[in-house]
Amino acid sequence: MSAEPASSNGVQIHHTRRLPDFLQSVNLKYVKLGYHYLVSHLLTICLVPLIAVIIVQASQLNPDDVHQLWLHLQYNLVTVVIFSVVLVFGSTAYIMTRPRSVYLVDYSCYRPPSHLQVKFQQFMEHSKLTGDFDDSSLEFQRKILERSGLGEETYVPEAMHYIPPRPSMTAAREESEQVMFGALDNLFSNTNVKPKDIGILIVNCSLFNPTPSLSAMIVNKYKLRGNILSFNLGGMGCSAGVIAIDLAKDMLQVHRNTCAVVVSTENITQNWYFGNKKSMLIPNCLFRVGGAAVLLSNKPSDRRRAKYKLVHTVRTHCGADDKAFRCVYQEQDGAGKTGVSLSKDLMAIAGGALKTNITTLGPLVLPISEQLLFFTTLVAKKLLNTKVKPYIPDFKLAFDHFCIHAGGRAVIDELEKNLQLLPVHVEASRMTLHRFGNTSSSSIWYELAYTEAKGRIRKRNRVWQIAFGSGFKCNSAVWEALRNVKPSPNSPWEDCIQRYPVQILS
């Protein structure tokens, strides 16, 4: 494994630490969380088979049976009343407890103009010419770039192309506007949705939160309606894209016949680190310009044109633990320069959050056969004190495609190993990191776009998006394809997909 583990914001830190081996450290309490999710929907699960049995039995009745049943009911008022009450109560309970379906109509990933691309040599020359970095810091950045898994076509904002760089509030606003409006213009064009039709707007950007907010900038630009429900999420790291989807899902359960737009981005202009603390230099090397806009709907009429249906969201937060809370921490170094400090315990904390998340998700998505094997070996280990290793379920049986946040090569390597994935399952993550770098919370959408561009998503395929975030958080979203999905116009991979996958040198 590379010597740079990944952080909650997807960055890497210069310590030879690895994700914990899940085979050695799965905890029974995490499994209980997943079964709690399952039991909470027990009424719906029980009613559906019951209704199905009633329908099957009714279909087998002949006319004489129906006539005899009618005569019986005519002279048995109590039976009629009880049956009617049960039927009405059951139907009402099912309708009231059934969650509304949330559809992903389409999404758009921003592709910056080519003049914002930065090659490794150019990056190092500019870093040297700024005069802010000593020789040790320059050599450290060079090594990080070589091991990062990034290619030569990633993008940095306009302000970083000047010598010296010109970070300012104005430049940061311009970067956000270019990314958000670029993604939204393409989304509205592809879906023919009018901005006035949007009822819910959620924007997430971790490190740049101006006043008025980014969500207000979008409302102003597109003249969204006055009663729009807008939210602006800040400081939540690279997992905020899934958090925004989860929030949109909850809002769409409450508000009928509504469209929601989620915009996920990050801002680099005002968050470039100009000091010499090693753990704060890594984001400069990995984070790049990018963003995505996603259109969600709970309208039944939108199912026909939607790409995916949201199946599950599972969120894991470890912030109650002090080490987890401080493992990715924005602060000033000794010279008063602001950056994001990364703890040496980062990979262990990330591994713990990941274990909690996947063992909570497991009972919701895995086949019964896998759940039984997993649960049996786990109970045997706990009760019999045997040296049996817990059985790690085969998530390849639950998901057809994997979108692992492209935060760094090391974390992708470790997830591939621990979840026993094949190279094709992490191909989208590796190629997204190579082509676009770490675009923070939007990276999972570039990965999904890659898979679509390869023509791999078929009807009923399931997609697992998983991301990490400061705090410390690990969040998952599960989607089901409603049709054979083709890439949308102006996909970020439109002009280069034929060149991928490429071989990434170690």
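Start at 1 with the first residue, then count along the sequence.
- Listed by first and then second residue, the salt bridge (Lys or Arg N to Asp or Glu O under 4.0 Å) pairs involving residues 479-497 are R111-D495 (not counting sequence neighbours).
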Show me the donor-acceptor pairs, under 3.5 Å and distance only, between side chains in residues 254-264 and residues at least two apart or in other chains.
residue : atom : partner : partner atom : Å
T258    : OG1  : H255    : O            : 3.4
T258    : OG1  : R256    : O            : 2.7
S264    : OG   : N204    : OD1          : 2.7

Audit row: L286, L433, side chain to side chain contact (heavy atoms under 4.5 Å, CB included) steps and yes/no
CA-CA 9 Å; L286 298 183; L433 183 64; 5.6 Å; no

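- Salt bridge D345/R326: absent, no basic N to carboxylate O contact under 4.0 Å.
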Would you sort out whether D185 and Y222 count as a side chain to side chain donor-acceptor pair (under 3.5 Å), showing the intermediate values?
CA-CA 10 Å; D185 286 346; Y222 294 98; 2.6 Å; yes

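- Here D394 pairs with K396 under the salt bridge (charged side-chain N to carboxylate O under 4.0 Å, His left out) rule; sequence neighbours left out.
- When atom types are taken as modelled, the side chain of S441 and the backbone of A240 share no donor-acceptor pair closer than 3.5 angstrom.
- Checked against side-chain hydrogen bond (donor to acceptor under 3.5 Å, both in side chains), Y155 has the following partners two or more places apart in sequence or in another chain: Q117, R435.
- A donor-acceptor pair under 3.5 Å links the side-chain atoms of Q253 to the main chain of R100, judged by distance alone.
- For the side chain to side chain donor-acceptor pair (under 3.5 Å) condition, no pair includes a residue of residues 191-201, sequence neighbours left out.
- For D106, the salt bridge (charged side-chain N to carboxylate O under 4.0 Å, His left out) test picks out K307, with sequence neighbours left out.
- Considering only residues two or more places apart in sequence or on other chains, E427 meets the salt bridge (charged side-chain N to carboxylate O under 4.0 Å, His left out) condition with R456.
- Taking all atoms of both residues into account, the shortest heavy-atom contact from M180 to I218 is SD-CD1, 3.9 Å.
- For Y500, the OH atom is densely surrounded, since the number of other residues' heavy atoms within 6.0 Å is greater than 12.
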Going through the checks in order, is the side chain to side chain contact (heavy atoms under 4.5 Å, CB included) test met by E266 and N438?
CA-CA 10 Å; E266 191 51 84; N438 180 354; over 6 Å; no

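- Residues passing the side-chain hydrogen bond (donor to acceptor under 3.5 Å, both in side chains) test with N475, sequence neighbours excluded: S239.
- Of all non-hydrogen atoms in A350 and F468, the two that sit nearest each other are O-CE2, 3.9 Å.
- Applying the salt bridge (Lys or Arg N to Asp or Glu O under 4.0 Å) test to residues at least two apart or on different chains, the pairs with a partner in residues 227-249 are D246-K249, D246-R315.
- Every residue meeting the side-chain hydrogen bond (donor to acceptor under 3.5 Å, both in side chains) condition with S108, not counting sequence neighbours, appears here in chain and number order: N186.
- Under the 30°/60° scheme for interplanar angles, the aromatic rings of F399 and F395 are found to lie parallel.
- Residues G237 and S206 come closest through the heavy atom pair N-OG, 3.1 Å.
- With E175 contributing its side chain and I268 its backbone, the two residues share a donor-acceptor pair below 3.5 Å.
- Across all non-hydrogen atoms, the minimal contact from N267 to C205 is N-SG, 3.8 Å.
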List the steps and the verdict of side chain to side chain contact (heavy atoms under 4.5 Å, CB included) for L296 and I200.
CA-CA 9 Å; L296 303 173; I200 300 165; over 6 Å; no

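- The side-chain hydrogen bond (donor to acceptor under 3.5 Å, both in side chains) search around R225 returns N227, not counting sequence neighbours.
- Interatomic distance, CG of L421 versus CD1 of I412, reported as 11.5 Å (0.5 Å rounding).
- Ring pair W493/F436 is perpendicular by interplanar angle, where above 60° counts as perpendicular and below 30° as parallel.
- By the salt bridge (charged side-chain N to carboxylate O under 4.0 Å, His left out) test, K309 pairs with no residue at all, sequence neighbours left out.
- Here the side chain of N357 pairs a donor or acceptor atom with the backbone of V314 at under 3.5 angstrom.
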I'd like to know whether F287 forms a side chain to side chain contact (heavy atoms under 4.5 Å, CB included) with N271, so could you lay out the CA-CA distance, the side-chain angles of the two residues, the decisive distance to 0.1 Å, and finally the verdict.
CA-CA 10 Å; F287 278 89; N271 294 288; over 6 Å; no

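- Put simply, the side chain of N461 gets close to the backbone of R458: a donor and an acceptor are under 3.5 Å apart.
- Side chain of T451 to backbone of E447: a donor-acceptor contact under 3.5 angstrom is found.
- Two rings, from Y110 and W445, have their centers 6.0 Å or more apart.
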